[in-house]
Amino acid sequence: MDTHESHESTFPLIISVDDHTVEPASVWQDRLPGKYREAGPRIVRAPVKEMTFLGGRFRPVMGEPGDEGPVGDWWVYEELRRPLTRLDTAVGYSRDEIKLEVITYEQMRPGSYDVPARLADMDVNHVQSAVCFPTFPRFCGQTFTEAKDHELGLLCVRAYNDWMVEEWCGPDARGRLIPLTLIPLWDAELAAEEVRRNAARGVRAVAFSEIPPYLGLPSIHGDGWDPFLRACDETGTVIAMHIGSSSRMPSTSADAPPAVGSTITFANCCFSMVDWLMSGKFEQFPNLRVMYAEGQIGWIPYILERADVVWEENRAWGGVEDKVHRPPSELFAEHVYGCFFDDAFGLRNLDAIGLANVLYETDYPHSDSTWPKSREVGEAQMGHLEADVVQRIVRRNAIELLGLTDGGLWPGGGAR
């Protein structure tokens, strides 16, 4: 399909700021130096011995080849054994078929890992361009941060970024896939170097943790992240934080079913946004922009209202009077973007959020994805909005934030 041809619908072609890639098995084996390939991430086919997802924690246990149990493809890296699951790539299956189970590459939709198949699935869904978060590295590269060998971990981060820029978003993608890169979270100076390395080849977005202390890393309230933040500020690189990028999904108890966490997935985004608004970093680094992938937007107005009250009434004893000199809602308007795929309530309250601060997404190929009906969902939820407002939400805000062409393509991707 020619993405520029006319459509029956007047709904704009979607630029999704939150989709996902399932990395092909060869990503690290093809790119790591020879001496590291045996230790680097690789795929092993094996049965599952046990797998649970309770209290916001995913706990899979890999069996030995030949053992009883369902067989799936597993990423093996140091002591980590991480299976491909149906939740990683659920599109094309009915809701009742989407269960916590291991799968193989052959059992997933090819668009999960194959560029031409992805573009075809984007066409089906009225999507022109998409930003894709990782799967095996997790949403901000925690896998490599938690590894023992950080020399190998840095090579893995760089290998992923090279694959992301040169292959996933390379010439075959025709500018329709927008790169999102990783950083070595354990070293802010190395992180800054990686931001600059990728910015030099046109990358405008980098993944980061919504709540770094949950990963055993510094908070953003000190100066530990300043080299990284300065690099983002100076290169115009957007900091993209996905729900779950703290490796701790919101929940209430160790035995709470996944439905509890699924209902409150926005909570970490909420906590994180208050962190940023009260950190002083937006004044220290005035060109910083952050976005919350899959966080939805309906919760934002009250948080801004409350943050402004706290700043106005309690900033002296609240520890922010010396670093936050403007109302948090003003800082939000200039620096923060909320991302949604299904939030009718938020769309009814755009005036309280800010039209310029809202981005659209489809979450392909995850279980929450609106594929292949993202256009229909958007039409139903945005039917009360003027055409120019819909255009901003679905396309224009992303084009401006991510430095895309006026036609909505990534200029570094061999667009034609």
Side-chain angles (χ1 to χ4, degrees), residues 16-20 22 48-61 69-70 72 82-103 107-109 112 133-136 138-140 142 209-211 214-215 241-274 292-303 338-349 360-374 376-378 380-381:
S16 173
V17 296
D18 170 32
D19 285 0
H20 299 265
V22 176
V48 62
K49 184 176 181 180
E50 180 184 346
M51 188 162 60
T52 60
F53 190 13
L54 292 172
R57 298 285 187 175
F58 177 47
R59 295 181 176 87
V61 180
R82 201 282 189 191
L84 302 181
T85 75
R86 178 55 62 209
L87 299 183
D88 293 329
T89 171
V91 292
Y93 288 78
S94 72
R95 293 294 177 180
D96 290 340
E97 292 178 301
I98 301 171
K99 300 176 181 178
L100 184 62
E101 60 182 357
V102 297
I103 60 171
Q107 293 171 306
M108 71 173 68
R109 193 170 183 87
S112 302
F133 283 82
T135 298
F136 170 69
R138 310 218 298 282
F139 295 145
C140 66
Q142 304 101 299
S209 175
E210 58 203 351
I211 308 179
Y214 283 0
L215 304 177
M241 294 172 283
H242 195 285
I243 61 168
S245 58
S246 61
S247 295
R248 189 187 302 180
M249 290 297 288
S251 192
T252 55
S253 64
D255 60 349
V260 172
S262 184
T263 302
I264 57 174
T265 52
F266 71 92
N268 282 351
C269 297
C270 172
F271 301 160
S272 174
M273 190 179 82
V274 175
Y292 288 100
E294 208 173 326
Q296 312 299 347
I297 59 174
W299 53 272
I300 291 174
Y302 171 71
I303 294 301
C339 312
F340 78 99
F341 57 82
D342 184 6
D343 193 338
F345 181 84
L347 287 166
R348 292 195 300 270
N349 292 277
Y360 199 45
E361 60 181 61
T362 77
D363 197 30
Y364 178 105
H366 283 183
S367 60
D368 263 343
S369 178
T370 52
W371 186 93
K373 297 184 177 181
S374 300
E376 288 83 350
V377 171
Q381 295 191 349

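Throughout, residue positions are numbered sequentially from 1 according to the sequence presented.
- With sequence neighbours excluded, the residues satisfying side chain to side chain contact (heavy atoms under 4.5 Å, CB included) with Ala344 are Arg348, Gln381.
- Judged by distance alone, with hydrogens and angles left aside, the side-chain atoms of Glu210 form a donor-acceptor pair with the main-chain N or O of Gly244 at under 3.5 Å.
- Here the side chains of Gln107 and Arg86 are in contact, with some heavy-atom distance below 4.5 Å.
- A pairwise comparison of heavy atoms in Ser16 and Asp19 identifies OG-OD1, 2.7 Å as the closest pair.
- A distance of 8.5 Å separates CG in Leu87 from CD in Glu101, rounded to the nearest 0.5 Å.
- Gln142 meets the side chain to side chain contact (heavy atoms under 4.5 Å, CB included) test with Arg138, Cys140, Glu146, Leu215, Ser247; sequence neighbours excluded.
- For the pair Glu361/Cys339, a side-chain contact is recorded, criterion being any heavy-atom separation below 4.5 Å from C-beta on.
- The distance from the CG atom of Leu84 to the OG atom of Ser112 is 9.5 Å, given to the nearest 0.5 Å.
- Contact record, Ile243 with Cys269: CG2-SG, 3.4 Å, taken as the closest heavy-atom pair.
- Between the OG atom in Ser374 and the OH atom in Tyr364 there is a gap of 11.5 Å [rounded to 0.5 Å].
- Note: Thr362 OG1 to Trp371 CH2 = 10.0 Å, rounded to the nearest 0.5 Å.
- Scanning for side-chain hydrogen bond (donor to acceptor under 3.5 Å, both in side chains) contacts around Tyr302 gives an empty result, with sequence neighbours left out.
- Ring orientation note: the planes of Phe139 and His366 are tilted relative to one another, at an angle of 30° to 60°.
- If you take CE on Met241 and CE on Met273, they are separated by 10.5 Å, rounding to the nearest 0.5 Å.
- Pro250 approaches Thr265 most closely through the heavy-atom pair CG-O, 4.2 Å.
- Atom CZ of Phe341 is separated from atom OH of Tyr360 by 9.5 Å, given to the nearest 0.5 angstrom.
- By the 4.5 Å heavy-atom criterion applied to side chains, Phe58 and Pro83 are counted as neighbours.
- Looking at residues two or more places apart in sequence or on another chain, you find a side-chain hydrogen bond (donor to acceptor under 3.5 Å, both in side chains) between Glu97 and Ser94.
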(request) Start with the C-alpha gap between Ile297 and Trp299, add the side-chain angles, then the distance that decides, and say whether side chain to side chain contact (heavy atoms under 4.5 Å, CB included) holds. (result) CA-CA 6 Å; Ile297 59 174; Trp299 53 272; 5.7 Å; no
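- Of all non-hydrogen atoms in Met51 and Thr85, the two that sit nearest each other are SD-CG2, 4.4 Å.
- Shown here are the side-chain hydrogen bond (donor to acceptor under 3.5 Å, both in side chains) partners of Asp363, two or more places apart in sequence or in another chain: His20.
- Applying the salt bridge (charged side-chain N to carboxylate O under 4.0 Å, His left out) test to Asp88 and every residue at least two apart in sequence or in another chain returns Arg82.
- A distance-only check finds no donor-acceptor pair linking the side chain of Asp343 to the backbone of Gln296 [under 3.5 Å].
- Judged by distance alone, with hydrogens and angles left aside, the side-chain atoms of Ser253 form a donor-acceptor pair with the main-chain N or O of Ala256 at under 3.5 Å.
- A pairwise comparison of heavy atoms in Ile300 and Gly338 identifies CD1-CA, 4.4 Å as the closest pair.
- Residues passing the side-chain hydrogen bond (donor to acceptor under 3.5 Å, both in side chains) test with Ser272, sequence neighbours excluded: Tyr292.
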